[in-house]
Amino acid sequence: MTTTAKPVANAAETSPASRAVAEPQETIRLKLSPLGIDHRADDFPVRFIEFCEQNDLYEMEVNADGELLILPTTGYQGHKHEYYLSGFLFNWEVANGGSGSSQTVRFRLPSGAIRGPDAAWITQERFDVLPEDEWNWIVDGAPDFVVEIRSRTDDLPPLQNKMALWMAGGARLGWLIDTRNRQVFIYRAGQDAPETLDAPETLDGEDILPGFVFPVREYVFDLPGPMG
């Protein structure tokens with residue numbers, strides 16, 4: 001049983017607005033507190049990843065209210081979107097540094113919520129000082145750069161809420177790619193609302209990832225599917 005809780009570092013993340021639902025409609029929610037499990041406890045990240053590894057057919061997160069979330073799968077098309085984005089991010093990382101990650105990596109926000117973006121990157125300075133438990137289990141704090149891509153199971157408002165959680169948790173630049181409406185929402189630290197781009201050809205990493213360019217139209221919006 002987990003007993004020692006971490007303090008909530010950012011009170012804004014526990015406000016009603018920031019606790020808004022940030023999951024697809026098909027998400028299964030299971031309360032952990034009746035089992036005596038405190039999601040803010042110091043040992044919870046290790047136990048959570050071990051649980052995920054033993055149930056690896058499912059994608060799971062934990063929200064700020066301490067609910068275990070079993071998420072729907074994105075499907076092959078959603079996987080391809082994430083795959084191409086991660087490939088471009090990897091190539092930029094090799095040349096410029098820092099550390100990128102895919103949708104399998106989890107980050108722990110100050111509220112105790114454990115979330116996984118479709119793609120993320122942290123600075124070299126953060127990466128160099130990662131303690132062993134974060135390297136092996138869950139990274140503390142939001143990534144510096146974070147991406148969410150709308151898949152077949154996603155409604156837009158929950159993804160917008162999730163992006164708000166990332167930014168409140170310390171992210172500096174975020175992209176929400178809406179595949180259905182061919183739009184991209186650009187979130188920047190210190191800005192109250194995201195910038196909306198209609199069917200852009202490319203996206204760039206601005207001053208957070210200088211020189212990083214992702215051809216979003218070619219590899220997401222216009223990505224061809226199977227014939228038939």
Side-chain angles (χ1 to χ4, degrees), residues 1-75 78-79 81-82 101-120 137-143 146-171 174 176-180 185 187:
M1 179 183 299
T2 57
T3 54
T4 304
K6 277 193 171 185
V8 178
N10 186 346
E13 257 189 63
T14 63
S15 67
S18 63
R19 286 205 310 266
V21 175
E23 299 88 41
Q25 287 186 352
E26 299 174 27
T27 300
I28 298 173
R29 296 178 180 82
L30 302 173
K31 292 185 179 297
L32 295 175
S33 56
L35 300 176
I37 298 173
D38 184 352
H39 68 295
R40 297 189 186 91
D42 292 333
D43 64 341
F44 181 76
V46 173
R47 299 180 64 192
F48 174 71
I49 293 300
E50 289 176 342
F51 180 78
C52 291
E53 290 173 346
Q54 294 174 25
N55 297 275
D56 57 3
L57 293 178
Y58 305 96
E59 184 178 354
M60 291 180 278
E61 297 180 349
V62 175
N63 66 19
D65 293 325
E67 294 175 320
L68 177 68
L69 309 172
I70 302 175
L71 305 173
T73 58
T74 62
H79 167 75
H81 294 157
E82 296 165 359
S101 58
S102 67
Q103 70 276 13
T104 59
V105 175
R106 295 291 179 264
F107 295 82
R108 194 183 202 190
L109 300 177
S111 63
I114 295 174
R115 296 289 187 175
D118 291 323
W137 306 103
I138 292 173
V139 178
D140 232 8
V146 62
V147 183
E148 297 287 352
I149 304 176
R150 186 179 183 184
S151 71
R152 63 176 182 83
T153 61
D154 291 321
D155 291 325
L156 187 56
L159 277 181
Q160 292 171 320
N161 289 333
K162 189 174 182 182
M163 287 300 304
L165 296 178
W166 287 123
M167 301 309 293
L176 170 52
I177 301 175
D178 182 354
T179 57
R180 298 187 204 174
F185 301 91
Y187 291 76

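Given the structure is predicted, the values throughout are model-derived calculations rather than measurements.
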Practice item. Any chance you could lay out the side-chain contact (heavy atoms from CB on, under 4.5 Å) test for Q160 and Y187, step after step, and finish with the verdict? Key: CA-CA 10 Å; Q160 292 171 320; Y187 291 76; 4.0 Å; yes
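- Put simply, CD on E59 and OG1 on T104 are 9.0 Å apart, with the number rounded to the nearest 0.5 Å.
- We find the CZ-CD1 distance between R106 and I49 to be 7.0 Å, quoted to the nearest 0.5 Å.
- Rounded to the nearest 0.5 Å, atoms CD (E67) and CD1 (I28) are 12.5 Å apart.
- Among residues at least two apart or in separate chains, salt bridge (charged side-chain N to carboxylate O under 4.0 Å, His left out) pairs with a member in residues 146-161 are E148-K162, R150-D178.
- Contact between F44 and H39 at its shortest, heavy atoms only, is CD2-O, 3.5 Å.
- Within the 4.5 Å cutoff, no side-chain heavy atoms of I70 are placed close to those of R29.
- Residues R47 and W137 fail the side-chain proximity criterion, which asks for heavy atoms closer than 4.5 Å.
- I149 and V147 make their closest contact through CG1-CG1, 4.1 Å (heavy atoms, listed as atom of the first residue, atom of the second, distance).
- Screening M60, E26, E61 against L71 for a side chain to side chain contact (heavy atoms under 4.5 Å, CB included) leaves a single residue, E61.
- Under the 4.5 Å side-chain criterion, counting only non-hydrogen atoms from C-beta, F51 is in contact with L68.
- Every residue was checked against the ring pair (Phe, Tyr, Trp, His ring centres under 6.0 Å) condition with F107, not counting sequence neighbours, and none meets it.
- Considering only heavy atoms from C-beta on, L165 comes within 4.5 Å of R115 through its side chain.
- Atom CG of N55 is separated from atom CD of E53 by 10.5 Å, given to the nearest 0.5 angstrom.
- Between the OG atom of S151 and the NE2 atom of H81 there is a distance of 10.0 Å, given to the nearest 0.5 Å.
- Side chain of R108 to main chain of I138: no donor-acceptor pair is present (N/O by atom type, distance under 3.5 Å, no hydrogens or angles).
- Across all non-hydrogen atoms, the minimal contact from G169 to L109 is CA-CD2, 4.2 Å.
- Using modelled atom types, one side-chain atom of N63 and one backbone atom of D65 make a donor-acceptor pair closer than 3.5 Å.
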Practice item. Begin with the C-alpha distance, continue with both residues' side-chain angles, and end with the deciding distance and a verdict on side-chain contact (heavy atoms from CB on, under 4.5 Å) for F185 and L156. Key: CA-CA 11 Å; F185 301 91; L156 187 56; 4.2 Å; yes
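- Residues passing the salt bridge (charged side-chain N to carboxylate O under 4.0 Å, His left out) test with E82: none are found, sequence neighbours excluded.
- Nearest approach of A142 to A171, heavy atoms of both residues: CB-N, 3.7 Å.
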